[in-house]
Amino acid sequence: MTTISDPPAESFKLSMLFYDTRYRAITFQIIALIAFLTLFGWLYMNTAHNLHELGKDPSFGFLFQPAGYDINQTLIEYNNQDTHLRAAFVGLLNTLLVAALGCITATVIGVLVGVLRLSKNWLVARLMTVYVETFRNVPVLMWIILAMAILIEALPPPSAFRGNDPSSSMLLFDSIALTNRGVYIPEPLFSRPLGNINVFGAFDISIELLAIIVVLGGSIWVAKRIGRRADAEQNKTGLRPRTWPVQTAVIILPIVALLAGLGFHLGLPHLKGFNFDGGTHLRNSLIALWLALSLYTAAFIAEIVRAGIMAISKGQTEAAAALGLRSNRIMSLVILPQALRVIIPPLISQYLNLTKNSSLAIAVGYMDITGTLMGITLNQTGRELETVLLGMIVYLAISLLISGAMNIYNNRVKLVER
Amino acid sequence: MSDTHAETVLFVRETMLPQQEPPSSSTGAIGWARQNLFSGWLNSVITVVAGLFIIGLVLHIVPWFVSPTWMATSLNECRDMVTAAGHTDGACWGVIRERWQQLLFGFYPPELYWRPVVALLMLFVAIAPVLFSDFVSRKLLVVTAAFPFVMPWLLWGGTVWTPVMAALGFVIGYLVFRGFSGRVAGGLALFIAAIVAVLWWVLLSGLVAGAFASVLPLALTEVQSRAFGGFMLSITIGVAAIGCSLPIGILLALGRQSDLPLVKYMCVGFIEFIRGVPLITLLFVASTLLNIFLPPGTNFDIIVRVIIMDTLFASAYMAEVVRGGLAALPKGQYEGADSLGLNYWQAQRLIIMPQALKISIPGIVSTFIGVFKDTTLVSIISMFDPIGLSNAIRANQAWNGVYWELFIFIGAIFFVFCFSMSRYSMYLEKKLQTGHR
């Protein structure tokens, strides 16, 4: 009696495309795809038609023509006969420079403020709250322009440093000059330079810098090895040999020897004519951008750090104390590793924000990639589509690189859950 | 036992002593200060340093702030007034007296200032029932519904029939939806309704509005977008972008969580692209490229173009915030909704979204604040928002060299808006807090 029969085969009806969950997903996706392609095709046709009408058929040939404009701050060799591509690259390096400087400063200030905001000292905690709220609730563009205005209007002109009775004087044993044309700081010089090596025929890297990096990296590696051997010793015998004198010596001695060998000295800025000469000239635009971006981002980082530390339950501290750990060990072994896990992802996204906000450089005339590629190159060649597209791709690449690195890190420190 | 004890001990107290007051050094102001300001030598040093810093700042700022320069007409005049009053340094408030209207309204015709003011007041009335649903009558939601149509009419002017016809499009769409919803699938009905509404807007509404306008010409003086500026511009762009980005962001977040791979990857691509580029590049697109993307001859308003780009930008960030909220919900909520037999949209509307949005309130509000602050970027594509105006004022001969006064004024207004938004989000979080903590 128990015969199993197939259910009656349904004939396919058109309405099943909408009502039957087996097909509905596919129907919707096909509709979405068609809509998407139609929209894109429509935009593409319009663009092609409009550009053709304007006589500007898309081409990236302009990148290889001479740029014809000067850039006031260049990290690599550049003159106005170089190509637009190289100008864009100079701009990119400037973007990366201010982003890197900004990230470092913002982290230092942010961590400090975040910790101080949790301080038991009422006055300091309130002061830091005022700082955080002020900077977070006012647009970063205003901070950038305000910083620039202060630098230009409030600092003395170079002429104020001149004469027998100057109204302004240089700081730190005549080594730093704060003027309304920028800040002059000592520059590192070598009396026995090693020369430059050319990379890909595109730009020069000084061998001294490479040597310093190699030596420093090597000695830090050796110092770490010593530390690791001490760890192994401690694990075996329970006694940790004293390592810090050797470690310090290993780090300091080689670099000092190298610098002495190269004839390292500082070139101090000095007045010459109407302006300062010698030393490294940090332009107002760089400093204003750096300062404003750091202070603004630091306010956000402070909140992230505070939230990260507060996220660790008090029981962790108490349990660590019950194990007999001292308070600095509690911080470094128990609290920080857990807090960092909470802090790092939003911190990286703040770094991304800072990098993207550095495109506001154009408001103060700092020549980053927005100022070169999407600013002057755009205006000179009239290639809006190509320049803006390239600029977007560059920023997108930076963002994806940083967030890719972040994801790798995140996966390494993530708690393994079920 | 007790007898012997009583004999050997000279005195035994038999009643409790009354409780004593805590020592005065640990209560009241002194105790508080000892606990919070001078609990150790390091803390004391920090307190003293911070105190000196604050005192120094106040001593420096207050005399500067209280400066009798309200009536000045140029920076030089300010300096003269400050010297005449016997100060060495003082703020130049004349610039604010002369330009505050410009900083608020841009180049909007002064005789029409009432229109943006009415629009702003209406904005407050419109958001009140949404923000404070406990205290404000729900009847005011009528104002909220009318606001998106009345605000552009008040600001830009023109015939009253354009916003009326625009609103009518929604009514028509709704009627079509009602008509179809019983007969075909809900999604299909919505789709048909949307098509009918779009057809109405594109093909008919202009004609009908023109016809009505010729019969009953009710119109406000038209104001060109060029005249917009100052905080009016910031608030217009900000409110529009904030209002549009939340629903789009929610849809994008749902798309990103969706099981349909094509939809999912389109949403992921859009979100990651927008989040990867700076807003300023999108504004460049708005100012130079959007006209190239559209059919020849289309030329629509720069403010609308900026609003579109700002909305796209904000909705990508909003999508990530909402996705965070969706991801934070336990899986049981989704399964519970399924087991009740709710379909996808019912489950989203009744179970998932109320909880996910509640979790993401802080993120949503901070995105709102970000959008409002980012409206200042339009100054880079030469629109006259407060920052752009401040640049123009500082370039003026009379006020060349003024900066603190302007930026304090502008910064204070931004601060008021943004700070109250963040306080509101804290209030809302507390109000919606139903968990046991």
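In this text, all values refer to a predicted model and were calculated from it rather than measured experimentally. Chain letters run A, B, ... following the sequence lines, proteins first and then strands; every chain starts at 1.
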For [X], is it the side chain, the backbone, both or neither that has a heavy atom under 4.5 Å from a heavy atom of chain B?
X       : answer
A:Leu43 : both
A:Ala48 : neither
A:Leu33 : both

Less than 4.5 Å apart, side chain to side chain, heavy atoms only: is that true for [X] and [Y]?
X        : Y        : value
A:Tyr44  : B:Phe293 : no
B:Phe284 : A:Thr387 : no
A:Gln29  : B:Pro261 : yes
B:Ile410 : A:Met142 : yes
B:Trp404 : A:Ile150 : yes
B:Leu37  : A:Leu123 : yes
A:Met374 : B:Ile280 : no
B:Val277 : A:Lys356 : no

Could you tell me whether B:Tyr344 atom OH has more than 12 heavy atoms of other residues or ligands within 6.0 Å of it?
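Yes.
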Should we count CZ of B:Arg34 as having more than 12 external heavy atoms under 6.0 Å?
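Counting neighbours around CZ of B:Arg34, 12 or fewer heavy atoms of other residues, nucleotides or ligands fall under 6.0 Å, so no.
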Supply the atom-to-atom distance [X] [atom1] to [Y] [atom2], rounded to the nearest 0.5 angstrom.
X        : Y        : atom1 : atom2 : result
B:Leu377 : A:Leu360 : CG    : CG    : 5.0 Å
B:Ile381 : A:Ile362 : CD1   : CD1   : 11.0 Å
B:Ser258 : A:Phe28  : OG    : CZ    : 10.5 Å
B:Phe415 : A:Arg136 : CZ    : CZ    : 10.0 Å
B:Leu42  : A:Ser119 : CG    : OG    : 9.0 Å
A:Ser403 : B:Glu272 : OG    : CD    : 6.5 Å

Can a donor-acceptor pair be found, under 3.5 Å and without considering hydrogens, that links the side chain of A:Glu384 to the backbone of B:Leu289?
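Between the backbone of B:Leu289 and the side chain of A:Glu384 there is no qualifying donor-acceptor contact (under 3.5 Å).
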Any donor and acceptor pair, going by atom type alone, linking the side chain of A:Asn137 with main-chain N or O of B:Phe414 inside 3.5 Å?
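Here the side-chain-to-backbone pair does not exist.
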With chain A as the partner, which of [options] has the greatest number of non-hydrogen pairs under 4.5 Å?
options                                : result
B:Pro295, B:Ala412, B:Gly411           : B:Pro295
B:Ile380, B:Leu294, B:Val263, B:Asn391 : B:Leu294
B:Thr281, B:Val49, B:Ile369            : B:Thr281

Go through the steps to decide whether A:Leu51 and B:Ile292 satisfy the test side-chain contact (heavy atoms from CB on, under 4.5 Å), and finish with yes or no.
CA-CA 7 Å; A:Leu51 286 179; B:Ile292 295 182; 4.0 Å; yes
If you take all heavy atoms of [X] and [Y], which pair is closest and at what distance?
X        : Y        : result
B:Phe407 : A:Leu146 : CD1-CD1, 3.5 Å
A:Val124 : B:Ala50  : CG2-CB, 4.2 Å
B:Gly276 : A:Ser399 : O-OG, 2.9 Å

Heavy-atom contact with chain A under 4.5 Å, split by part of [X]:
X        : answer
B:Ile387 : side chain
B:Tyr317 : side chain
B:Leu279 : neither

Quick one: do A:Leu141 and B:Ser379 satisfy side-chain contact (heavy atoms from CB on, under 4.5 Å)? Show the steps, please.
CA-CA 9 Å; A:Leu141 185 60; B:Ser379 65; 3.4 Å; yes
Yes or no on side-chain contact (heavy atoms from CB on, under 4.5 Å) for B:Phe53 and A:Leu127, after CA distance, side-chain angles and deciding distance?
CA-CA 10 Å; B:Phe53 174 74; A:Leu127 210 58; 4.1 Å; yes
Counting heavy-atom pairs under 4.5 Å to chain B, which of A:Asn353, A:Leu400, A:Val388 comes out on top?
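Greatest number of close heavy-atom pairs with chain B: A:Val388.
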